[in-house]
Amino acid sequence: MKGFLDYVPGNSVFHKMNPMTKLIFAFAICVACFSSSNILVLCLLLAFNVITGCICGIKERTFSLLKGLVKISVFLFVLQVLFIRGGNVIFEWKFIRITDFGVKNALALVLRLSGATLPLAIMLSVTKLGDLSNALVEKLHIPFKYAFTLTTAIRFIPVFAAEMAGIMEAQTSRGIELDTRNPFKKVALILPLCAPLLVSSVRKTQSLAIAADLRGFKFRKAGSCLKKYPFCARDIVCFVMCAAFIAAGILF
C-alpha cells in the first residue's frame, strides 16, 4: 500500500490535462460502468482503463491494482453465483445451483467493480493533490477548507496504512500470530490494533491542524492561488470521449 496513491511524474497527455478534466474522466467511466449491463461494453471499458494506465506510465501500479481486484472479484463472483437462483440451470448438485442468469450478473458485477475502481486510481496517480484542490476551488467554487479536507483524506490513506503495518509488525514481534489464515480469528486479532492506530491518527491530525494554522489556513480564499487551470483542446477531446462513454453505457 506504500506509495499506492502517490503522484507519478510524467509527460503523458493525461498528466497535462486540467485536474477537473481528469476528475470528470474518471467519473464518466464510473457512470458508464454502472449504467451498462453489457458484458462486452464492460470488458472494453476495463481494457481502456488498462491502456490508459500504460499510457500514463503507471503500468506496474495498474496491474498491481488489477491483481488485488481479481482477488476480491473471485469472492464476489462465487457469492453471486451461489445466491442468484433465477434463470436456466447450468449446474446443480445438492444445495448448489448455478444458473446462466447468476453467472451473467456475477460477471457484470466484478467487471463494474474493476472498471469503476481503476480510473479513480489512475486519476490520483497522474494528478497532484494540490492542483486537484485548487481546481475544485477555481472551477467548482468549492470552499477551500472542504477541498483541502478531501485531498488531505486521500493523502493520509497510505500514511495510515503504513502506520498500521508498523503496529502489526510490533505486535508480531511480541508473539501475536497475525498471519493466521482463519478470517474470523484474523479479524479478532486486528480489531484491538485499531486503538493505537486511532491514537496515532489523532496525533497526526492535531499536528497538521497546528501547521495549517501557522501557515494562515483560515485566511485562504478562492483568489489566493496564483496558478490557473484553463481548459485546452485536449480537455475538450476528453469531454467528448466522456460523453461517448456515458452514451455507450446507457444505450447498451
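Small disclaimer: the values here were computed from a predicted structure and weren't measured.
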Indicate every side-chain donor-acceptor pair of residues 67-76 with a distance under 3.5 Å to a residue at least two apart or in another chain.
unit_1	atom_1	unit_2	atom_2	d
S73	OG	L69	O	2.6

Taking only distance into account, with no hydrogens and no angle test, what donor-acceptor pairs under 3.5 Å do side-chain atoms of residues 23-34 form with protein atoms, sequence neighbours excluded?
none

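Put simply, the side chain of V202 reaches to within 4.5 Å of the side chain of Q206, judged on heavy atoms. By the 4.5 Å heavy-atom criterion applied to side chains, L118 and T52 are not counted as neighbours.
Going from atom CG of L124 over to atom CD1 of I58 covers 9.5 Å, rounded to the nearest 0.5 Å. Annotation: the span from K145 atom NZ to S133 atom OG amounts to 15.5 Å, rounded to 0.5 Å. From I39, atom CD1 reaches atom CG of L44 across 11.5 Å, with rounding to the nearest 0.5 Å. We find the CG-CG distance between L150 and L132 to be 6.5 Å, quoted to the nearest 0.5 Å. The CD atom of Q80 sits 5.0 Å away from the CG atom of L109 when rounded to the nearest 0.5 Å. We find the CZ-CG distance between F77 and L107 to be 6.0 Å, quoted to the nearest 0.5 Å.
Closest non-hydrogen pair, P230 versus K139, comes out as CA-NZ, 4.2 Å. Counting all heavy atoms, side chain and backbone alike, H15 lies closest to P9 at NE2-C, 3.7 Å. Scanning both residues, A135 and N18, for their nearest heavy atoms gives CB-OD1, 4.5 Å. Among all heavy-atom pairs drawn from V50 and F63, the shortest one is CG1-CZ, 3.8 Å. The heavy-atom pair separating M123 from K22 by the smallest distance is CG-O, 3.4 Å. Shown here for V81 and G102, the closest heavy-atom pair between the two residues is CG2-O, 4.2 Å.
Under the side chain to side chain contact (heavy atoms under 4.5 Å, CB included) criterion, L251 pairs with no residue, sequence neighbours left out. Partners of D131 according to the salt bridge (charged side-chain N to carboxylate O under 4.0 Å, His left out) rule, which considers only residues two or more places apart in sequence or in another chain, are K227. Under the side chain to side chain donor-acceptor pair (under 3.5 Å) criterion, S37 pairs with no residue, sequence neighbours left out. Partners of F239 according to the ring-ring contact (aromatic ring centres under 6.0 Å, His included) rule, which considers only residues two or more places apart in sequence or in another chain, are F231.
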Inset, instruction - Could you go through the side-chain contact (heavy atoms from CB on, under 4.5 Å) check for L66 and L46 one step at a time? - result: CA-CA 10 Å; L66 193 59; L46 180 59; 4.1 Å; yes

Inset, instruction - Output, in order, the C-alpha distance, side-chain angles, deciding distance and verdict of side-chain contact (heavy atoms from CB on, under 4.5 Å) for F245 and S36. - result: CA-CA 10 Å; F245 288 146; S36 176; over 6 Å; no

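Linking Ile, Leu, Val, Met, Phe, Trp and Tyr residues whenever their side-chain heavy atoms come within less than 4.5 Å places L113 and V78 in a single cluster. Note on M17 and I55: same hydrophobic cluster, where clusters join Ile, Leu, Val, Met, Phe, Trp and Tyr whose side-chain heavy atoms are under 4.5 Å apart, directly or indirectly. The cluster map of Ile, Leu, Val, Met, Phe, Trp and Tyr, joined by side-chain heavy atoms under 4.5 Å apart, puts L40 and L45 in different clusters. Under the 4.5 Å side-chain contact rule for hydrophobic residues, I246 and V240 do not share a cluster. V110 is connected to I98 through a chain of hydrophobic side-chain contacts under 4.5 Å among Ile, Leu, Val, Met, Phe, Trp and Tyr, so both are in one cluster.
Around CZ of F48, the count of heavy atoms belonging to other residues, nucleotides or ligands within 6.0 Å exceeds 12.
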